[in-house]
Asker: 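My questions all concern the structure below.
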Amino acid sequence: MFDSIAIISTWAIPSIVVGIPLYAYFIKKIPVYETFIEGAKSGFTTAITIMPHLVGMMVAITIFRESGALDFFLRLVEPILAPLMIPKEVFPLGILRPISGSAALGFTTDILNTYGPDSLIGRIASTVQGSTDTTLYVLTVYFGSVGVKKIRYALKVGLLADLGGFLAAVYICVLVFGGQ
């Protein structure tokens, strides 16, 4: 199973990088280079805008971890997490991700720096990052922009989807990469 996934992942990114511009240019008749330059300009502005938030979250996470508060919290929940095969190191990511994308990205960066991107914990953190969403951000910004005020069911469904994404990410990563 691991070999199949390795082959698919080896060819997935080159296929996407080559396939999308070819599809856009030949099928959709979109000026690919000019569109890419416009997107790169807005991407640079976005990167500059989120940089202070990212640095602030990384500093806060480092203080939280170095003070021992994170270890104390994780020792409390470890008896619950161990039977579910959830590594205690990624549990805070499951809590942070629905609340703040910047905080979750900072925490994921810290996990990858600490354990490495090819470790089981790094793979789980990366998969959690990609399979959950910033539900509270989506509800406040997107629903607020169109005037939706009754968000009760959307909040429940969004948080339930985040929980499902977190548990599925952990289960699949342990199933695929757990034996390595």
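As a basis for the values below, the full set of heavy atoms in this structure was taken, side chains included, without hydrogen atoms, waters or symmetry mates.
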Asker: Mind listing the closest non-hydrogen atom pair of Pro87 and Ile121 along with its distance?
Answerer: CB-CG1, 4.2 Å

Asker: How many angstroms lie between CE in Met85 and CG in Leu167, if you round to the nearest 0.5 Å?
Answerer: 10.5 Å

Asker: Share the residues that join Phe26 in a hydrophobic cluster, the rule being Ile, Leu, Val, Met, Phe, Trp or Tyr side chains under 4.5 Å apart at the heavy-atom level.
Answerer: Val18, Leu22, Tyr25, Val32

Asker: Might you point out which heavy atoms bring Glu34 and Pro31 nearest each other, and give the distance in Å?
Answerer: OE1-CB, 3.1 Å

Asker: Between Ser42 (side chain) and Gly39 (backbone), is there a donor-acceptor pair under 3.5 Å?
Answerer: yes

Asker: Per the side-chain hydrogen bond (donor to acceptor under 3.5 Å, both in side chains) rule, what does the pair list look like for residues 100-114, sequence neighbours excluded?
Answerer: Arg65-Asp110, Thr108-Gln129

Asker: Would you call Val90 and Val128 a side-chain contact if the rule is heavy atoms closer than 4.5 Å?
Answerer: no

Asker: When you group the ILVMFWY residues by side-chain heavy-atom contacts below 4.5 Å and let the links chain together, are Ile13 and Trp11 in the same group?
Answerer: no

Asker: What pairs with Glu89 under side chain to side chain donor-acceptor pair (under 3.5 Å), at least two apart in sequence or on another chain?
Answerer: none

Asker: Are Ile172 and Thr127 packed together at the side-chain level, in the sense that at least one heavy-atom pair is separated by less than 4.5 angstrom?
Answerer: no

Asker: Who pairs with Ile80 by side-chain contact (heavy atoms from CB on, under 4.5 Å), at least two apart in sequence or on another chain?
Answerer: none

Asker: About how many Å separate CG of Leu70 and OG1 of Thr62, when rounded to the nearest 0.5 Å?
Answerer: 10.5 Å

Asker: Nearest 0.5 Å, what's the CG-CG distance between Leu76 and Asp71?
Answerer: 11.0 Å

Asker: Going from CG on Leu105 to CZ on Arg97, what distance comes out if it is rounded to the nearest 0.5 angstrom?
Answerer: 8.5 Å

Asker: Under 4.5 Å between side-chain heavy atoms, chaining through other members, with only Ile, Leu, Val, Met, Phe, Trp and Tyr counted: pull out the rest of the cluster around Ile37, sorted by chain and number.
Answerer: Tyr33, Phe36

Asker: Would Glu78 and Arg75 count as a salt bridge (Lys or Arg N to Asp or Glu O under 4.0 Å) if you check the C-alpha gap in whole Å, the side-chain angles of each, and the deciding distance to 0.1 Å?
Answerer: CA-CA 5 Å; Glu78 190 173 13; Arg75 267 188 257 128; over 6 Å; no

Asker: Applying a strict under-4.5 Å side-chain criterion to I, L, V, M, F, W and Y, I'd like to know whether Phe73 and Leu84 cluster together.
Answerer: yes

Asker: Same cluster or not: are Val77 and Phe64 linked, directly or through other Ile, Leu, Val, Met, Phe, Trp or Tyr residues, by side-chain heavy atoms under 4.5 angstrom apart?
Answerer: yes

Asker: Applying a strict under-4.5 Å side-chain criterion to I, L, V, M, F, W and Y, I'd like to know whether Tyr153 and Leu155 cluster together.
Answerer: no

Asker: Measure across Ser126 and Leu112 and return the closest heavy-atom pair with its distance rounded to 0.1 Å.
Answerer: OG-CD2, 3.9 Å

Asker: Which atom names give the shortest non-hydrogen contact between Ala104 and Leu93, and what distance separates them?
Answerer: O-CD1, 3.5 Å

Asker: Can you find a pair of side-chain heavy atoms, one from Phe166 and one from Ile86, that are under 4.5 Å apart?
Answerer: yes

Asker: Evaluate the side-chain proximity of Leu159 to Leu163: yes if any heavy-atom separation is below 4.5 Å, no if none is.
Answerer: no

Asker: Within the 4.5 Å heavy-atom criterion, are Val148 and Leu139 side-chain neighbours or not?
Answerer: no

Asker: When rounded to the nearest 0.5 angstrom, what is the spacing between CZ in Phe107 and CD1 in Ile95?
Answerer: 9.5 Å

Asker: Can you name the side chain to side chain donor-acceptor pair (under 3.5 Å) partners of Thr135, sequence neighbours left out?
Answerer: Asp162

Asker: Identify the two heavy atoms, one from Ile124 and one from Cys173, that lie closest to each other, and give their separation to 0.1 Å.
Answerer: CG1-CB, 3.4 Å

